[in-house]
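Counting begins at 1 with the first residue of the sequence.
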Amino acid sequence: MVVCNNSSPPKTMPPKPPDPKDAPFPTFQLVIIGICRFSEPLAFNSILAYSYEMVLDLGVAEKDAATYAGLLVSAYAVAEAMTAMGWGAISDVYGRKPVALFGLCGVALSSVMFGLAKSYWVALAARFIGGALNGNVAIMQTMVAEMVTNPDHEPRAYATQPFVWTLGGIIGSAMGGFLAQPAKFYPTVFDQDGIFGQFPYLLPNLVAAIGIVAAIIQGMLFLDETNPRYRHTADPSSDGVDERTPLHRHSRHSMSRDTHPRDRTRSISVAESMRQIRKQPSFMEDGMPMPLDQRFDIRRSSFGTMHSIKLPHDLHHSSIPDIVVEAESQARPPPPTFNFTIIMLTLSLVFICYHQMAFITTMPVYLLAKPSTDLGLDWVGGLGMTLHDVGTFLAVNGFIALFIQGVIFPLFVENLGVWRTFVGVIVVYPTVYMIVPFISLLPPYLTSPGVYFAFTLQSFFGILVVPCALILLKNATPSPLVLGRVNGLAMSACCLARTVSPPLVGVIYSIGGSAASWISLMIVAILGVVQLFWVPREHVDTLVVESGFKAVPERDFDEDIEEAIEDY
């Protein structure tokens, strides 16, 4: 007798994917990335202190030295902007880790080449090669975003990268000022006929290269690959969706996988999609752009420096399901992407980035240049200081900038508001460039305080106004679906301004003297004040400024999304 058992074996349910909220904070990996990130500004910022002296030693005439020094700074940024997107695409195929480490190798090799340069054109080529090979700038923050799966950890995680860059810049600036020309400043240690006497700018670059090699070694040993293509722990629900994937495509995928009305609403609410999108590739920095940092990304839900800056309505603005947006767009014509407010705010950013970058590259030239007169106001020459003085000024200014970011910025913005801070700073910004030429009138014991005062004003105004401009820009964007295009326009315009300003102001310095360069920056800043009359006033709700270095209260992200849908 044959007994047929038609009962099928019990079906095993697929394992439930881990909840991102349960993911631990990736402290160890953030430390490893921070070490890699820290090594780069050591090489990048050290040139600021001695670029003027170097071009003079390479045979450039003194009247043209400011122009050629500005070109050395800009060459790196130009090459980096030309190749950053390409390195990002390569990292999509071959992984983040090899591209990041290869970028560090490029910086190390170009640094040694730059220190060994015996002609200006070799030095310029070394800077260009370093920028072209440096893919890690576009990759590091992407790795941070991909390893942070818990949304509540984002403020602290994103805060690490701008902080590390600033700290590396402080040490790099001091290193350039105190290690350049060692045979001149430390004759008992370094022989004038030795290698560091023949190559007076090799030592700071060699130290930077050694630091970068150490970062590469620890990265090879301990840095994890974060590209979902190569991660065994990649979320199977991601479906390869990233920031470049149209939201409507992922919404359709989500809708096809879930048919229950309630669950369907949750699936097309793109809560999970937004989590995936936030942690997928973005080829721009998330932090506020410092004078030497060309990247920012207004697509993120918060701006991360030493703080996480959020708008109360940001959740409603950035996480609205695009199926709702599409339905509404069918009912009325979509607003233009680049409206008048966005164009005017972008123009304001261009003015700010132009004179901000030119100041940080021209000020060391002014400090090092010889005075043209010993009496009265010097409209042509500089202050005749040493490389040690310049290195000290730049390093101390970095610490001042950290203090302004950490303490002053949240107090100002939370109490005055975004719009009043933005307008007020732009109105008084020309005073920075107005007072610099008059430092030459001060007695010797007040010259250094005068220089620190100018640096502090520049840091104070710059740190306050740029974040406010970006917040206003994001607030003026008509739809979350076009944030990428708005961000691309603003970032490209700012990159162009920061790239053009150092050599252009250097030309003005070479032709008309130091005062002419400061007056030209003052004129650009005044144009920014005049342009305010055409910037529509943007109402921004009270900001939420959360410290990036303290725990953020837990919240139910799905419930927040659902509330946003209902309110919408």
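A distance of 5.0 Å separates CG of L457 from CD1 of I435, quoted to the nearest 0.5 Å. Taking OH of Y433 as the reference point, atom OG of S517 lies at 11.5 Å (rounded to 0.5 Å). Annotation: the span from F422 atom CZ to I471 atom CD1 amounts to 11.5 Å, rounded to 0.5 Å. Taking CE of M357 as the reference point, atom SG of C494 lies at 12.0 Å (rounded to 0.5 Å). Atom NZ in K97 sits 8.0 Å away from atom CE in M143 (nearest 0.5 Å). N475 contributes atom CG, which lies 11.0 Å from atom CH2 of W419 (distance to the nearest 0.5 angstrom).
Minimum heavy-atom separation, F351 to G528: CD1-CA, 3.8 Å. Closest non-hydrogen pair, T431 versus V428, comes out as OG1-O, 2.6 Å. Of all non-hydrogen atoms in N45 and S173, the two that sit nearest each other are CB-OG, 3.8 Å. Nearest heavy atoms, A490 versus T346: CA-CG2, 4.0 Å. Closest non-hydrogen pair, R96 versus E146, comes out as NH2-OE2, 2.7 Å. Of all heavy-atom pairs spanning M363 and A454, the tightest one is CE-CB, 4.3 Å.
Taking 4.5 Å as the limit, some side-chain heavy atom of I404 sits within range of a side-chain heavy atom of I400. Counting only heavy atoms from C-beta outward, the side chains of I33 and M147 approach each other to under 4.5 Å. Side-chain contact check for Q531 versus L527: every heavy-atom pair is 4.5 Å or farther apart. Using a 4.5 Å cut-off on side-chain heavy atoms (C-beta onward), Y354 and L521 make contact. Counting heavy atoms from C-beta outward, V413 and P467 have side chains that stay 4.5 Å or more apart.
Between the side chain of R127 and the backbone N or O of L72 there is at least one donor-acceptor pair closer than 3.5 Å. Listed for the W518 side chain is no donor-acceptor partner under 3.5 Å among the backbone atoms of V432. Side-chain atoms of T499 never come within 3.5 Å of backbone atoms of S74 as a donor-acceptor pair (strictly under, hydrogens ignored). Looking at Q29, its side chain does come within 3.5 Å of a backbone N or O of D224 through a donor-acceptor pair.
Within a 6.0 Å radius of OH in Y94, no more than 12 heavy atoms belonging to other residues, nucleotides or ligands are found.
Residue I352 is tested with V466, V524, L347 for a side-chain contact (heavy atoms from CB on, under 4.5 Å); the sole match is V466.
In this structure, Y429 has its ring center no closer than 6.0 Å to that of F359.
S459 and N397 share a side-chain donor-acceptor pair at under 3.5 Å.
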